[in-house]
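Everything numeric here is computed off the predicted structure, so don't read it as measured data.
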Amino acid sequence: MRAARGVTAAVLIVMGQQAVAADLAQAASVPQAGASVTEAPSPWQIRLRALGVVTQDSGYVNAVPGSDPSYSNTVTTELDISYFFTDNIATELILGTTYANIDGQGTIGGLGKIGKVWLLPPTLTLQYHFTDLGAFKPYVGAGVNYTIFYNQDAGSADALKVKNTFGTALQVGFDYMVDQHWGVNFDVKKLFLKPDFDVTVDGAKLTGKAALDPWLIGAGVTYRF
């Protein structure tokens, strides 16, 4: 009888120890009140930048040797929307609008201001983000662009029509993240943009090509949802 009681007591002790261990493991797996929990970042991100648009003064009017159109540089704002497929791979849609004054140089310098056009150049890039440098997160990208020209006004010309066109884009930049959501951004893009145009001067209808090829240099803020 004493032996049976001893065995029973031993079994109860072992079972009690196992129950206590299970309770401790469960308690350790439950976050304590006030403990910080790191959430996985959302795949969506936006940026707002101040943007300098620096154009290349190149191009020509067909059948006018030495013609050399010139285009003004501008400052505008830019909104970017990014979606991260993985930590490293993302796509970015770049939205913004600006204008360009078109002036004559070379043999068409006497025309002065030929006209002014507004352009909307939505650009989609595929990016690779480097993620092993802590808060400093550089990236590179390449993509396509479709530029829409609107509100076109002739100056010294009788009529001016710059045609919508496709182009390509290269991109390099970085984010420096202050916390999980907010950061600062610096970005440089090169658009390869050479639209055709029609122009009428003193009743003569001419055609040509405007080699804009702008640099887009921007700085702003980043927000990761």
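Asp57 places a side-chain N or O within donor-acceptor distance of the main-chain N or O of Tyr71, the cut-off being under 3.5 Å. Side-chain atoms of Asp202 do not come within 3.5 Å of backbone N or O of Ala204 as any donor-acceptor pair. A donor-acceptor pair under 3.5 Å is formed between the side chain of Asn88 and the backbone N or O of His129. Thr107 places a side-chain N or O within 3.5 Å of a backbone atom of Pro65 that can act as its donor or acceptor partner.
Under the 30°/60° scheme for interplanar angles, the aromatic rings of Tyr83 and Trp44 are found to stand perpendicular.
In this structure, Tyr176 has its ring center no closer than 6.0 Å to that of Phe136.
A side-chain donor from one of Thr97 and Tyr150 sits under 3.5 Å from a side-chain acceptor of the other.
For CZ of Phe192, the number of neighbouring non-hydrogen atoms (other residues, nucleotides, ligands) closer than 6.0 Å is greater than 12.
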Quiz item: So Leu119 and Thr98, side chain to side chain contact (heavy atoms under 4.5 Å, CB included) or not? Walk me through it.
Solution: CA-CA 6 Å; Leu119 54 152; Thr98 188; 4.1 Å; yes
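Cation-pi geometry between Lys163 and Phe197 is not satisfied (NZ or CZ under 6.0 Å from the ring centre, within 45° of the ring normal).
None of Val117, Thr76, Thr74 except one satisfies the side chain to side chain contact (heavy atoms under 4.5 Å, CB included) rule with Tyr99; the exception is Thr74.
Residues Gln45 and His181 form no side-chain contact, since every pair of their non-hydrogen atoms from C-beta on lies 4.5 Å or further apart.
Contact detail for Lys189 and Gln171: the closest heavy-atom pair is CG-CG, 3.6 Å.
Under 4.0 Å is where a charged nitrogen must lie from a carboxylate oxygen, and between Arg47 and Glu78 no such pair does.
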